[in-house]
Amino acid sequence: MTAEDTAVDTRPTKIMFVAEATAHGGRDGFVSSQDGQIDLKVAMPPELGGDGNGTNPEQLFAAGYSSCFHNALILVGNREGYDLTGSTVAAKVGIGPNKHRGYGLAVALSVSLPVLDPGIAAKLVDAAHEVCPYSNATRGNIDVTILLG
């Protein structure tokens, strides 16, 4: 039996929403969403040789993952009857070369659940990591570290 045989299938059984965005000019251009909600200049960060005068895909990924994970956390917390007032999720997304002449990402999520007991908070974080679509999409592909503090 292979790992693929025992892996949990996290693909959607029904598509409920589709987001559309278009990039123009790669990392030195702009991105826009079909509905007009996103219209941003994109630029290489100085650490990668750019001028940094715009957002970058890593910031956009960090924003998406942190908001999605936080929503999953709120969902599982509400299901269990816990108050998540004041909770936050911050994401750091790193990029660097991989062993295959390409590039890879690494993510660190910092979760703050100030009103909960640490044991309960850890249980909710684990449950959110199973529910969150970003966590499901990255599992096995990207190193994701979750820090609870």
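- Taking hydrophobic clusters as Ile, Leu, Val, Met, Phe, Trp and Tyr residues chained together by side-chain heavy-atom distances below 4.5 Å, Val93 does not share a cluster with Leu60.
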Given side-chain contact (heavy atoms from CB on, under 4.5 Å), test Val111 with Ile146 step by step and report yes or no.
-> CA-CA 7 Å; Val111 179; Ile146 302 176; 4.0 Å; yes

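- Val42 is not connected to Ile95 by any chain of hydrophobic side-chain contacts under 4.5 Å among Ile, Leu, Val, Met, Phe, Trp and Tyr, and they are in different clusters.
- Between Arg27 and Pro57, the shortest heavy-atom distance links the atoms NH1-CD, 3.5 Å.
- The minimum heavy-atom distance linking Tyr65 with Leu109 is given by the pair CE2-CD1, 3.8 Å.
- Using a 4.5 Å heavy-atom threshold, the side chains of Ile15 and Pro12 count as touching.
- Between Ser32 and His24 the shortest side-chain heavy-atom distance falls below 4.5 Å.
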Test Glu20 against Asp35 for side-chain contact (heavy atoms from CB on, under 4.5 Å), laying out the working first.
-> CA-CA 8 Å; Glu20 294 181 49; Asp35 63 2; over 6 Å; no

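- Under the 4.5 Å side-chain heavy-atom criterion for grouping Ile, Leu, Val, Met, Phe, Trp and Tyr, Ile142 is connected to Val125 within one hydrophobic cluster.
- Closest heavy-atom contact between Leu148 and Pro118: CD2-O, 4.1 Å.
- Counting only heavy atoms from C-beta outward, the side chains of Thr22 and Val31 never approach each other to under 4.5 Å.
- The CG atom of Leu84 sits 5.5 Å away from atom CG of Leu116, with the distance rounded to the nearest 0.5 Å.
- In terms of modelled atom types and a separation under 3.5 Å, the side chain of Gln59 and the main chain of Asn56 share a donor-acceptor contact.
- Closest heavy-atom contact between Asn136 and His129: OD1-O, 4.2 Å.
- Leu75 and Leu73 end up in the same hydrophobic cluster when Ile, Leu, Val, Met, Phe, Trp and Tyr side chains are linked at under 4.5 Å.
- With no hydrogens or angles considered, no side-chain donor-acceptor pair links Ser33 and Gln37 at under 3.5 Å.
- Contact of the Phe30 side chain with the Leu40 side chain is not registered, since no non-hydrogen atoms from C-beta on lie closer than 4.5 Å.
- Of the N and O atoms on the side chains of Ser66 and Tyr134, not one donor lies less than 3.5 Å from an acceptor on the other residue.
- A heavy-atom distance below 4.5 Å is not found between the side chains of Leu113 and Thr88.
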Verify side-chain contact (heavy atoms from CB on, under 4.5 Å) between Met44 and Asp28, making sure each step is shown before the conclusion.
-> CA-CA 6 Å; Met44 290 280 270; Asp28 283 312; 3.8 Å; yes

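- In this structure the side chain of Glu58 never reaches within 4.5 angstrom of the side chain of Lys92, judged on heavy atoms.
- A donor-acceptor contact under 3.5 angstrom links the side chains of Ser87 and His70, judged on distance only.
- Counting heavy atoms from C-beta on, the side chains of Arg139 and Val8 never come closer than 4.5 Å.
- Transitive grouping of hydrophobic side chains (ILVMFWY, heavy atoms separated by less than 4.5 Å) keeps Leu147 and Phe61 in distinct clusters.
- Between Gly52 and Pro46, the shortest heavy-atom distance links the atoms CA-CD, 3.7 Å.
- A 6.0 Å sphere centred on CG of Asp126 holds more than 12 heavy atoms belonging to other residues, nucleotides or ligands.
- The closest side-chain heavy-atom distance from Val115 to Tyr82 is not below 4.5 Å.
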side-chain contact (heavy atoms from CB on, under 4.5 Å) between Leu105 and Asn141, worked out = CA-CA 9 Å; Leu105 300 174; Asn141 301 308; over 6 Å; no

